[in-house]
> 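Can you keep this structure in mind? I'll have questions shortly.
None of these values were measured; they are calculated from a predicted model. Each ligand, and each atom within it, is numbered from 1 in the order the structure gives.
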Amino acid sequence: MPELRFQPAAGLRGHRPGEPGAVLLDLEGVAVSVAIACDSSVRLRAAPSALAPDDSEAVGLLPWRPSPAEPFAEDDGRILLAFDGPEGAATVVIEPEPFAVQVRDRDGQSLARLSGLAFEPGGAGRIALDAHPNEHFFGFGEKTGRLDKRGSELRMRCRDANIQLDSDPLYVSIPFFLGFGHKAQVPQARGVLLHAIAPSRFDVARADPERVVMETLAGGIDVTIFPGPSPADVLRRFTGWVGRTPLPPLWALGHHQSRWSYRTEREVRALAREYRRRAIPTDAIHLDIDYMDGYRVFTWDARRFPQPKRLLRDLASEGFRVVTIIDPGVKVDPGYAVFREGRGKDVFCRRDDRSLYTLRVWPKDAALPDFNRPEVRQWWGEQHEPLLAAGVAGIWNDMNEPAGWDKDVRLGRLMVPYRFQDTTRLRQADPVDPTRSVPHEHVRNIYGQQECRATRTWLEAAAPDRRAFVLSRSGYAGIQRFAAIWTGDNASRWSQLRLSLPMLMNLSLSGVAFCGADIGGFAWNCTPELYARWIQIGALYPFARTHSMLWVRRQEPWRFGRRVEAIARRALELRMRLLPYLYGLFRESERIGAPVWRPLFYEFPEDEQSVGVDDEVMVGPALLAAPILEKGARARDVYLPPGVWISLDDDARYTGPRQVRILAPLERVPLFVRGGAVLPTRSPTRHVGETPSEPLVLEVFPGADSETEVVEDDGESTDYRSGAFARTALRVRDRAGGRLRLELGPREGRFAVPNRRVRAVFHAALPPRQVYLDARPLTPGSTLPGFSWADGRVEVFFEDDGHARSIELDPAP
Ligand code: MIG
């Protein structure tokens, strides 16, 4: 953004009630509305002269839920707005001169103070938020750098910029952050969304350590404060408005294999065969741009993919789903039906002189659909019909920032971009009133999101009984409603492996639960050791896909030798085993907006030492991963937060908080389970469609009490939304009368689970004096029911018929 000259808004002149839950303020030439939502989030909108209509639903957010708060004035000239409801309470105090807005919680504690509202004649706006000296800042979508963004300047303007360690901005723009810190030892979290679909900029307590300054290029100021007190509370409220990650189909939680490109049907078949022959779990194959006929979207190259339907059917019978890439740029080619029809229906963006806007991309000149118009979204969706009919299981939306360039030079087969696209004259429909046009730059940050919205909405309408899978490179706040995100073009470098941790944790804290980085790195050649270390943690990314670029060394696990192949198999088998646990995390994400990948402080907000840790991650509440991120390293220091921790592969027990040195030969990735946790697991299979020999194994790690649940359904259809979903509550009572007890609640919900043999594994256990099932002593042996003890583990086998069960170990470990 250019340097701007802001005029501070003048003092308060008058006020009146606005929409429900809102007060309208007059600041002499600046209109302001302040509103409290029924979840106690507080939103301030401001613009010179008059407020534009709220665009949030038009750009794909959920409806704002107003509270019934009514404004009233106090004697000293301040205006108050207060609401206290079951989902939260907030009081807003509006100070007249200088104008400032203070948000307080139920106890009168200050949650936020907004001040410094200013506008610039060109339409840019600015506002500042107080920053507590101990406050750290997370989120901001897809960002490089450290986990804590205090002291940085960050920009939001979606663009195609491969990931350098300091590139900013990148493909995704989520102008949301989570402030978190301890005030007198008490943890306090709050969230802030600067809802701006135009480019924006954040000074994160950099120029002034006590202020976060937010600027947006156009569209006025629209900022919302989401109260805590915990990070989880903030995420629940934020995603309650911008939307949550719909439960993915189970196969999408398996491993995906991609490459630019698997160029022919033969190559794809050979790839699938190798995966199965080598028994390396994988569920999806991605087809990059070369499956198309001359990069024409929604077509197949007739020579290289002569019979896509048959290919996809054969792959499906081997348990592979196929995801095809789709770029938004439609080749300018009158002989190409999609372009012809699109032009006939006037779906493409134009310049300010009404001429067709084109940019250079893979198909040479391409036109961009204007996804801000509902009928264009519908039209775009319909173009997917042939792909769906061929059996394509998911859509990968690339280049949707939108990316392209002005000119290119040819190097053999490849076009090398040469000058970046000039968008100054590009126009798009106003999402609120699509009959009007606005500069593309004013709505740029939702281009990719609107495309994904079109794609997903249509896929869901066309196959309403099936869960959709859409993967996107670009996105805005709420992208998770429509698509998973991968972090674009990284590189096969140790530094980028390391970077993926804070990057994915911050993306997760920005609402995007289903996210991942290209495993092994996209650009450059990956080495065997780097691939081994990358797949070890990549197998635990919420979205786990190996992908690599044209020209570089092949990046299938077996390309790195037998040892690394075995490491990859083991890592992906672990993901398979953890699927029931992961699935439960995704369900939680859909329900309450909790991320799957969480920084340590999210789970341990009381623990000040957890705040800065960005080379470890919590996968859900129970699993801590401390991957090896350095070349040659065969050990690392691991910080363990307060509580009991049990090492996943040798059951060694630690008590945090402490720092431990963990040995990690190439085969080993340090993983720890929180004491008290039950991990629901299953035996690994080569893909999710294969029936596991053991569909449910409950891995119990003693050390505390806990409550969790196992969720089960068909993993594929949308029937779970109408109740075809089974839930079993699990409780651990660590020291119930000297015993360790695991309780299974009665299975609830309408999904039929056949009776089965379940195994409960108690880790780090003592040789038991007695084991009880439903208070009756069990005899040792693997008959049903029975138990065994070996190597510090007690295994209990029992019949699970959906009734409540309790298992007790005496003595407790
Ligand atoms: O200009 O489709 O980030 O994953 O393989 C490059 C080819 C276009 C960029 C994506 C990458 C993909 C590649 N694409």
> Geometry only, no angles: is D489 polar-contacting ligand 1 at N/O separations under 3.5 Å?
yes

> Would you tell me whether E451 and N400 have side-chain atoms, one donor and one acceptor, within less than 3.5 Å of each other?
yes

> Indicate whether any N or O donor in one side chain lies under 3.5 Å from an N or O acceptor in the other, for W534 and Y541.
yes

> Out of all atoms in ligand 1, which are within 4.0 Å of some heavy atom of M399? Include the element for each.
1 (O), 8 (C)

> Near D288, which atoms of ligand 1 are under 4.0 Å from a heavy atom of that residue?
2 (O), 5 (O), 7 (C), 12 (C)

> Of the protein's non-hydrogen atoms, which lies at the shortest distance from atom 6 (C) of ligand 1, and what is that distance?
W362 CZ2, 3.3 Å

> Show me which atoms of ligand 1 lie under 4.0 Å from any heavy atom of I325.
2 (O)

> Are any of the N/O atoms on R545, whether in the backbone or the side chain, positioned under 3.5 angstrom from an N/O atom of ligand 1?
no

> Do ligand 1 and D398 have nitrogen or oxygen atoms that lie under 3.5 Å from each other?
yes

> Could you check whether the rings of H256 and W251 sit parallel, tilted or perpendicular, using 30° and 60° as the cut-offs?
tilted

> Does Y262 form a ring-ring contact (aromatic ring centres under 6.0 Å, His included) with Y291? I'd like the steps, not just the answer.
CA-CA 8 Å; Y262 295 118; Y291 78 90; over 10 Å; no

> Can you say whether the rings of F140 and F202 are parallel (under 30°), tilted (30 to 60°) or perpendicular (over 60°)?
perpendicular

> For ligand 1, does H547 get within less than 4.0 Å through its side chain, its backbone, both, or neither, judged by non-hydrogen atoms?
side chain

> To the nearest 0.5 angstrom, please state how far the NZ atom of K149 sits from the CZ atom of F177.
13.5 Å

> Which atoms of ligand 1 are found less than 4.0 Å from any heavy atom of W486?
3 (O), 4 (O), 10 (C)

> For W396, does the six-membered ring have the charged nitrogen or CZ of R545 within the cation-pi criterion, i.e. under 6.0 angstrom from the centroid and within 45° of the normal?
yes

> Looking at ligand 1, is there an atom of it that comes within less than 4.0 Å of some heavy atom belonging to W396?
yes

